[in-house]
Amino acid sequence: MPFYAHSLAWLLGLEGVALLRAQAGDLGDAAFVEQRIAEIRKMVTDPDPELRAGVVVGRASTEEGYAQWAEQYDGEGNPLIAVEEPLVRRILATLAVGRALDAGTVARSLSGGVPKRRRWLIRTLPP
């Protein structure tokens, strides 16, 4: 059944959980609490344009969800690539040349995704 999801609501909820944990003595100090309150105030009074509108979303099976995610994962607009790529390349640079299986790439290839990392490996490693 479809439901309404709002990014700002998720973020406010997470900030609320952090505040509840702080009030229970499990997390943070006075500065932590004040930072959470300041972040909530900023999000509510001046939200990022991408956080202003919610959407109605549906549910999907694991396979359906993965297929949808794989279509977008290797896209130009995925900010995760910029975050993970330098780390992955540093890790790969420390390994000996040999055979490897990038299971995520294989899975994305099977679901129709474009395997960017495989292209980089082929260009970078000797034959």
Side-chain angles (χ1 to χ4, degrees):
M1 171 170 233
F3 63 97
Y4 182 74
H6 198 294
S7 298
L8 184 58
W10 282 99
L11 292 172
L12 292 172
L14 289 172
E15 293 285 2
V17 169
L19 285 170
L20 287 172
R21 289 193 60 200
Q23 296 307 292
D26 295 338
L27 184 66
D29 56 10
F32 176 86
V33 170
E34 294 302 324
Q35 285 175 321
R36 302 291 71 74
I37 291 170
E39 286 178 6
I40 290 170
R41 188 174 291 117
K42 183 177 185 315
M43 283 190 282
V44 171
T45 58
D46 187 24
D48 182 312
E50 292 183 9
L51 301 178
R52 289 186 181 152
V55 295
V56 175
V57 294
R59 299 201 185 271
S61 69
T62 302
E63 292 83 9
E64 293 166 334
Y66 186 85
Q68 291 172 9
W69 168 81
E71 288 176 13
Q72 298 176 13
Y73 181 80
D74 282 321
E76 296 301 319
N78 184 352
L80 291 176
I81 298 294
V83 171
E84 76 172 12
E85 202 65 30
L87 177 62
V88 170
R89 288 182 184 199
R90 275 198 310 271
I91 291 169
L92 291 175
T94 67
L95 302 174
V97 174
R99 292 177 186 243
L101 170 66
D102 180 349
T105 296
V106 171
R108 284 197 307 276
S109 295
L110 294 175
S111 67
V114 177
K116 279 187 177 179
R117 188 164 297 128
R118 185 181 328 148
R119 286 197 306 264
W120 177 79
L121 283 170
I122 290 169
R123 284 194 318 266
T124 306
L125 300 176

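Values below: all heavy atoms of this structure, side chains included; hydrogens, waters and symmetry mates excluded.
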Between Ala60 and Gly65, which heavy-atom pair has the shortest distance, and what is it? CB-N, 3.9 Å
Full working for side chain to side chain contact (heavy atoms under 4.5 Å, CB included) between Val56 and Phe3: CA-CA 5 Å; Val56 175; Phe3 63 97; over 6 Å; no
Measuring from atom NE2 of His6 to atom CZ of Arg52, what distance do you get when rounded to the nearest 0.5 angstrom? 10.5 Å
Working to the nearest 0.5 angstrom, can you tell me the gap between Leu12 CG and Met43 CE? 5.0 Å
Assigning hydrophobic clusters by single linkage (Ile, Leu, Val, Met, Phe, Trp, Tyr; side-chain heavy-atom cutoff under 4.5 Å), is Tyr4 placed with Leu11? no
Distance from Leu92 atom CG to Leu87 atom CG, nearest 0.5 Å? 9.5 Å
Tell me whether Arg41 at atom CZ has more than 12 heavy atoms from other residues, nucleotides or ligands lying less than 6.0 Å away. no
Any chance you could measure Ile91, atom CD1, to Arg89, atom CZ, to the nearest 0.5 Å? 13.0 Å
What is the minimum heavy-atom distance between Ala5 and Trp10, and which atoms define it? CB-NE1, 4.2 Å
My understanding is that only residues two or more places apart in sequence, or in another chain, count here; which of them pass side-chain hydrogen bond (donor to acceptor under 3.5 Å, both in side chains) with Glu39? Arg36
To the nearest 0.5 Å, what is the distance between CG on Asp48 and CG on Leu8? 9.5 Å
Under a single-linkage definition using a 4.5 Å side-chain heavy-atom cutoff for Ile, Leu, Val, Met, Phe, Trp and Tyr, are Val44 and Ile37 assigned to the same hydrophobic cluster? yes
